[in-house]
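Structure first, then comments.
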Amino acid sequence: MSKKNLHILMVEDSDDDSLLIRHELLEAGYEVVHDRVDTVEGLAAALKSKPWDAVICDHNMPELNSTTALCIVKQSRKDLPFIIVSGSIPDEQAIDSMRTGARDFIRKDNLSRLVPAIEREIEEAAVRNDLRLTREHLMQAMHFDSLTGLPNREHLIEYLSTMTAEGRSELPFAVFMIDLNRFRKITRSLGIEIGNKVLAEVAESLQGAFGNMTLLARCNADRFIAIVECMDGEDQASEVAENLHASLNRVLVADGHELFVTASVGACFYPKDGSDVEALMKNVEAALYAAKVVGGSSFKAYQSAMESREQVGLAMESALYRALKNEEFLLHYQPQFDLSESRLVGVEALVRWRQPDSEIVSPGVFIPLLEETGLIVPVGEWILRSACAQNKKWQDAGYPPVRIAVNLSSIQFQQANLVQTVRNALQETGLAPEYLELEITENIAVHNEEAVIGILEELRSIGIHIAIDDFGMGYSSLSYLKRFPIDKLKIDQSFVRDCNDGAHGDGIIRAIIGMGHSLKLTVIAEGVETWEQIDFLQRNGCDEVQGYFYGKPMPEDEFSSLMKRESMETVL
Ligand code: C2E
Ligand code: MG
Ligand code: MG
């Protein structure tokens, strides 16, 4: 049988006594590694030098006694069994030492008790250690998010409570709430596992942007909260938000998928916008929600007129039910140009919602609500019919015909009668099918691929065009492209935004254009805002463009004027 190792630190001034103790342990079958020390410095240094199993300490030495030695061991914060072996210690003192942490007391003339005592104490120390680890583990689980390693919501609330507790100095601080845009799209189309990897990467980027001095917590799903001390101005906060947006402005790679995420950011300030946890959390959420309404990489600082997400969300939901009946939805139109001839070739219909006496609400906010409530089906039908009717009206007015693109939500795509709905819209409005394009997103294809291919084939057999919108979000799932009957790829605007600055966008755009052309597809870039982007797209052979540079989404009458101008230029 192999011998067990025992690492014993002996605090002992007599070599003979330490050899005697060592002999006792060897007799019991142990392989003993030991150091002998008898000064304060020697003990402190030895404690650091090795992982010891136990300390055996004499009571009275010229430069050290057992009480001081015990203190030094405790200060080292190591949970080591401390056993006093002495010939001279009075009983009362031995009992006192045990009260303050010595584990046993053995007389030198009765060393037979030594080995059982050491064995018992080492076992107990192991149990204590396990308990400590379990406790630490529990604390970690209770206060930290296992996915990102960041503090969790409970931790954050506790921290905020301390920060706002009465009696604390009145130093201001800012609370930021950060929520990823389109994150649902990622998990829905690529699965929770990839979503989790993205969250872990995002957490790292945010941590980098905030630095170590900020408490950054993950509160739920794709929502983070940060507390930045000594900050009470909107200007400073908006600088921080800009940094955050910049830190996310890169491609994240998860399982070979190249993804792009943006975030909406809201902020409020203590004590100006709230003096307790509840008020701060409510107001930072209202600010975040206001940023979400704007859409994209946006930032809003809290203002007292802002309403909470729940208030707005609930009110909005019931308002949406009325909106269809009250004709509060309208369409805006954004032009699409052929890049080589600079000719107007298409228009995208984008839905808007104007509540009476209220601002126009961004579709980024109400489309998810329409989807959740199922209202997207009747509203989608209305959009389709209105877009077809409008295009026919332009044609009847004598403008050169263009194709109108209509966005389809994946919920609409799951409707059994989609093809019939589209046929009806064309029939009722008299628009020829080749002037209708349906924009779908990559996630439509994830479930039930065969059925999706069947529907797309049927739509195309009527003569309708199919475009993949926001292309590049699920960049690696390219194999389906070959199998899918489609006509056009629409490069996601996040890549266009970044193109021409030597960043990742360049390569992705080139790859999409090359791949699209090899599959005989038309490639359109959306979100085109600058000359540089146009130049880049032109040099790389992109077919069509759409974006603010050419025209923002506009009401019908403005688009009619644009068509008029364009048709005049063509004639001249
Ligand atoms: P999308 O289909 O990708 O539409 C493009 C979005 O980019 C539009 O935002 C448009 O206004 C915006 N955009 C166009 N050019 C530029 C540009 O140069 N720079 C910037 N920064 N943005 C530009 P919008 O209208 O807010 O729509 C957002 C999304 O809402 C759409 O993304 C689409 O997914 C959805 N949506 C809009 N209308 C409809 C609709 O009628 N039906 C359905 N199902 N979804 C819709
Ligand atoms: Mg679209
Ligand atoms: Mg798009």
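Indexing begins at 1, ligand by ligand and atom by atom, following the structure's order. All values reported here derive from a predicted model rather than from experimental measurement.
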Item to complete: Check all N, O or S atoms of Glu348 and name the one closest to the Mg ion (ligand 2).
Response: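 Within Glu348, restricted to N, O or S, the Mg ion (ligand 2) is closest to atom OE2.
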
Practice prompt. Please name the atom of Glu439, restricted to N, O or S, that is closest to the Mg ion (ligand 2).
Written response: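 Sorting the N, O and S atoms of Glu439 by distance to the Mg ion (ligand 2) puts OE1 first.
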
Worksheet item: Checking side-chain hydrogen bond (donor to acceptor under 3.5 Å, both in side chains) for the pair Asn243/Glu239: CA distance, chi angles, key distance, verdict?
Response: CA-CA 6 Å; Asn243 270 347; Glu239 247 175 63; over 6 Å; no

Worksheet entry | Contact check: Gln546 vs ligand 1, nitrogen or oxygen atoms, below 3.5 angstrom |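 The answer is no, given that Gln546 and ligand 1 share no N or O pair closer than 3.5 Å.
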
Worksheet item: Taking distance alone, with no angle check, do Ser362 and ligand 1 share an N/O pair under 3.5 Å?
Response: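 Between Ser362 and ligand 1 (N or O atoms, distance only) the closest approach is not under 3.5 Å.
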
Practice prompt. Kindly check if the number of other-residue, nucleotide or ligand heavy atoms within 6.0 Å of CD1 (Ile192) is above 12?
Written response: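 Incorrect, the count does not exceed 12.
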
Discussion item. For the aromatic rings, using the six-membered ring if either is Trp, is the centroid distance between Trp531 and Phe536 under 6.0 Å?
Written reply: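 No.
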
Worksheet item: Does ligand 1 have any atom sitting under 4.0 Å from a heavy atom of Gly380?
Response: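 Flag not set, Gly380 not near ligand 1.
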
Discussion item. How large, to 10°, is the angle at the Mg ion (ligand 3) when you draw lines to OD1 on Asp469 and to OD1 on Asp470?
Written reply: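 Angle OD1(Asp469)-the Mg ion (ligand 3)-OD1(Asp470): 90°, rounded to 10°.
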
Item to complete: Could you tell me which non-hydrogen atom of Leu562 sits nearest to which non-hydrogen atom of Tyr550, and how far apart they are?
Response: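 That closest heavy-atom pairing would be CD1-O, 4.4 Å.
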
Discussion item. Within the 3.5 Å criterion, strictly below it, is a donor on Asn181 or Ser264 matched to an acceptor on the partner's side chain?
Written reply: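 Short answer, yes.
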
Item to complete: Provide the number and element of each atom of ligand 1 under 4.0 Å from a heavy atom of Glu526.
Response: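 Those atoms are 3 (O), 4 (O), 5 (C).
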
Worksheet entry | the Mg ion (ligand 3) reached by Glu526 (N, O or S, under 2.8 Å) |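 Yes, since at least one N, O or S atom of Glu526 sits under 2.8 Å from the Mg ion (ligand 3).
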
